[in-house]
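Structure, as structure tokens:
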Amino acid sequence: MRIYKFGGASVKDAEGIRNLFSIMKQEGFDKTLLVVSAMGKNTNAFELVVKNYFENKNELQYSINQIFEFHNTVLLELFLEKNHEVFNDVKLIFDNLKEFLKRNKSPNYSFVYDQIVPCGEILSTKIISAFLNFSGVKSNWVDSRELIKTDSNYRDADIDWKLTQKNISENIDKKKLNVTQGFIGSNQNNFNTTLGREGSDYSAAIYAYCLNAQSLTIWKDVPGVLNADPRVFKNPILLDYISYTEAIELAFYGASVIHPKTLQPLQKKEIPLFVKSFLNPKGKGTAISRGIKIKPEVPCFIVKRNLNLLKLSSLDFSFIVEENISEIFQVLHENKMKVDLIQNSAISFSVCVYDKFNRLKELLSILKATFKVECVENVNLFTIRHFDEKSSNEILKNNELILEQRTDDVLQLIVR
Ligand code: ADP
Ligand code: ASP
Ligand code: MG
């Protein structure tokens, strides 16, 4: 069985869905599972609905209507008959959403988020599955919330592998064409959960793992994995082959073309991952598998923006030792900070963090009770794998260096 993942950019409008159909026509429809994201920027649009629900009730209805109009326009472009049942399916999703918002009493932002935002994926897959059927290709619509089981860590849920494996093996017809959602699952009480933003690549890898797939292909708006993000760097080079380890490292440092959790399940079963362009499906793309480390051998550039660099030292000039460091990490963990780089000296400890949940203020006030804290907000972290002199000069010519760290093969520069 093959797993194909189509991200938001690939299905951003009716044309994107027609393009998906034409790619599948080339590739063949059988023995395939399509894992699909919300169309275009609809996850952001649903995030706004959640925000309005909590903070700006006046705008709530308007923000929901915008999303409804978007999907209705897509339906009108794809389906000739306005009485096609998919119009009703889509309306029902919005009715359920409004009903939930009316009934809900939970003040838990992340819980409410996970009950609302998955609508994006439910909508896109309902529409795509209906469009395939409408075009004469039978497909099974599969609800990931019934198969992917997780804990209750809303917005960043962890997989219950045992249950998920069982559900997927028992419920996916491997011979057919199946369509399901990325990003979403449910907990033991059957409340929706999500796997974190951009989590659909990871969902696809979970399905690939549980189905012992022959391969996973993710269709992107780039020719494959490049040695740098084309939005940031000029003239990036296509990587033809990379090993799982290389890909894990690139994703870990923030190459956002692949969600970092995607590689591990694939590597465990040596399932090859192909990254290909939905704009040029015949292009060779990038193959990620065991073996060749990286081809061609070029430096790879990754940038993470909007980080915060904290420099901690003791109030009484004493050393920063194991005990303090474990305390610091405990506080970082409790405040859900993502740590991107650490560096320590005798009396100071620097840590560069991403404040995903907007908790920097609380964090600083806790740390300041025990440490002297300096914080530089809004710094950028450049990572260069396989760096050379030329590649680091490239970064430093336009940026002010604040901190540098290097190992044999990796140079990291915190700049602003
Ligand atoms: P999806 O539509 O599946 O959500 P994403 O937008 O998450 O796709 O990922 C594709 C984007 O990743 C590209 O448009 C590109 O800007 C960005 N990107 C970042 N680093 C790289 C890289 N090293 N190679 C290719 N693309 C990259
Ligand atoms: N739709 C979700 C997001 O935009 C998941 C994904 O596309 O990977 O984050
Ligand atoms: Mg994405």
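Counting non-hydrogen atoms of neighbouring residues, nucleotides and ligands closer than 6.0 angstrom, the CD atom of Glu322 reaches no more than 12 such neighbours. Within a 6.0 Å radius of NZ in Lys25, no more than 12 heavy atoms belonging to other residues, nucleotides or ligands are found. Enclosure of atom OH in Tyr62 is not indicated, since only 12 or fewer non-hydrogen atoms of other residues, nucleotides or ligands lie within 6.0 angstrom. Counting heavy atoms of neighbouring residues, nucleotides and ligands inside a 6.0 Å radius, atom CZ of Phe70 exceeds 12 of them. More than 12 heavy atoms of other residues, nucleotides or ligands lie within 6.0 Å of CD in Glu334, so this atom counts as buried by the packing criterion. With a 6.0 Å radius and a threshold of 12 heavy atoms from other residues, nucleotides or ligands, Gln188 has its CD atom at or below the threshold. In Lys276, the NZ atom is crowded: over 12 heavy atoms of neighbouring residues, nucleotides or ligands sit closer than 6.0 Å. Annotation for Glu400: atom CD counts as buried by contact number, over 12 foreign heavy atoms lying within 6.0 Å.
Ring geometry, Tyr109 versus Tyr113: the interplanar angle falls from 30° to 60°, so the pair is classed tilted. Using the six-membered ring where Trp is involved, Phe329 and Phe349 have ring planes that are perpendicular, over 60° apart on the 30 and 60° scheme. Relative orientation of the Tyr202 and His259 rings is parallel, given thresholds of 30° and 60° on the angle between their planes.
A cation-pi arrangement is absent between Lys338 and Tyr354 under the rule of less than 6.0 angstrom and at most 45 degrees off the ring axis. A cation-pi arrangement, defined by a distance under 6.0 Å to the six-membered ring centre and an angle within 45 degrees of its axis, is absent between Lys102 and Phe100. For Lys5 and Trp219, the positive end is not near the middle of the six-membered ring at less than 6.0 Å and at most 45° from its axis.
The closest side-chain heavy-atom distance from Ile168 to Tyr209 is not below 4.5 Å. Proximity of Met1 to Ile172: side-chain heavy atoms (C-beta onward) are separated by under 4.5 Å at one or more points. Side chains of Ile258 and Ile288 form a contact here, defined as non-hydrogen atoms less than 4.5 Å apart. Inter-residue side-chain proximity for Ile93 and Lys126 is flagged as met; some heavy-atom pair is nearer than 4.5 Å. Counting heavy atoms from C-beta outward, Leu75 and Asn72 have side chains that approach closer than 4.5 Å. No side-chain heavy atom of Val298 sits under 4.5 Å from any side-chain heavy atom of His386. Inter-residue side-chain proximity for Leu34 and Leu20 is flagged as met; some heavy-atom pair is nearer than 4.5 Å. Residues Leu216 and Phe274 fail the side-chain proximity criterion, which asks for heavy atoms closer than 4.5 Å.
Proximity of the aromatic rings of Tyr207 and Tyr4 is defined here by a centroid distance below 6.0 angstrom, and this criterion is not met. When ring centroids are compared, Phe191 and Phe111 come within the 6.0 Å threshold.
With rounding to the nearest 0.5 angstrom, the CZ atom of Arg18 is 5.5 Å from the CG atom of Leu78.
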Donor-acceptor contacts under 3.5 Å from residues 227-234 side chains, at least two apart:
unit_1: Asn227; atom_1: OD1; unit_2: Ile237; atom_2: N; d: 2.8
unit_1: Asn227; atom_1: ND2; unit_2: Pro299; atom_2: O; d: 3.0
unit_1: Asp229; atom_1: OD1; unit_2: Arg231; atom_2: N; d: 2.9
unit_1: Asp229; atom_1: OD1; unit_2: Arg231; atom_2: NE; d: 3.3
unit_1: Asp229; atom_1: OD2; unit_2: Arg231; atom_2: NE; d: 3.3
unit_1: Asp229; atom_1: OD2; unit_2: Arg231; atom_2: NH2; d: 2.8

Practice item. I would like to know whether Ile325 and Asn344 meet side chain to side chain contact (heavy atoms under 4.5 Å, CB included); could you show each step before the answer? Key: CA-CA 10 Å; Ile325 294 175; Asn344 72 321; 4.0 Å; yes

Practice item. Test side-chain hydrogen bond (donor to acceptor under 3.5 Å, both in side chains) on Ser350 and Gln343 and set out the steps. Key: CA-CA 5 Å; Ser350 299; Gln343 195 165 77; 5.6 Å; no

**Study point:** Lys304 and Tyr253: CA distance, side-chain angles, deciding distance, side chain to side chain contact (heavy atoms under 4.5 Å, CB included) verdict
**Key:** CA-CA 8 Å; Lys304 279 192 178 178; Tyr253 287 118; 5.9 Å; no

Exercise for review: Could you go through the side-chain hydrogen bond (donor to acceptor under 3.5 Å, both in side chains) check for Asn44 and Arg197 one step at a time?
Suggested key: CA-CA 10 Å; Asn44 295 358; Arg197 285 303 306 265; 2.9 Å; yes

Point to revise | From CA spacing to verdict: ring pair (Phe, Tyr, Trp, His ring centres under 6.0 Å), Phe134, Phe79 | key: CA-CA 8 Å; Phe134 178 73; Phe79 298 89; 5.0 Å; yes

Practice item. Any chance you could lay out the side-chain hydrogen bond (donor to acceptor under 3.5 Å, both in side chains) test for Asp114 and Asn192, step after step, and finish with the verdict? Key: CA-CA 6 Å; Asp114 275 6; Asn192 297 350; over 6 Å; no

Check your understanding: Which is it for Asn65 and Gln61 under the side-chain hydrogen bond (donor to acceptor under 3.5 Å, both in side chains) test, yes or no, and what are the steps along the way?
Key -> CA-CA 6 Å; Asn65 289 350; Gln61 194 52 48; 3.1 Å; yes

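Judged by distance alone, the side chain of Lys372 and the main-chain N or O of Ser313 form no donor-acceptor pair under 3.5 Å. With Asn42 contributing its side chain and Ala45 its backbone, the two residues share no donor-acceptor pair below 3.5 Å.
The pair Lys284-Asp240 meets the salt-bridge criterion, since a charged nitrogen lies less than 4.0 angstrom from a carboxylate oxygen. Taking 4.0 Å as the cut-off between side-chain N and carboxylate O, Asp201 and Lys220 count as a salt-bridged pair. Remark: Lys51 does not engage Glu59 in a salt bridge, criterion side-chain N to carboxylate O under 4.0 Å. Contact check on Glu297 versus Lys295 returns no salt bridge, with no Lys/Arg side-chain nitrogen under 4.0 Å from an Asp/Glu carboxylate oxygen. A salt bridge is absent between Asp173 and Lys175; no separation between the charged side-chain nitrogens and carboxylate oxygens falls under 4.0 Å. The pair Lys91-Asp95 counts as a salt bridge, with a side-chain nitrogen and a carboxylate oxygen less than 4.0 angstrom apart.
Of all heavy-atom pairs between Leu266 and Ala208, the closest is CD2-CB, 3.8 Å. When all heavy atoms of Phe183 and Val117 are compared, the closest pair comes out as CE2-CG1, 3.8 Å. Counting all heavy atoms, side chain and backbone alike, Ile395 lies closest to Phe301 at CD1-CD2, 3.9 Å. The heavy-atom pair separating Ile23 from Pro281 by the smallest distance is CG1-CG, 3.8 Å.
Every residue two or more places apart in sequence or in another chain was checked for a side-chain hydrogen bond (donor to acceptor under 3.5 Å, both in side chains) with Ser124, and none qualifies.
Results of the side chain to side chain donor-acceptor pair (under 3.5 Å) test with Ser37 over Ser10, Ser203, Ser200 single out Ser200 as the only residue that passes.
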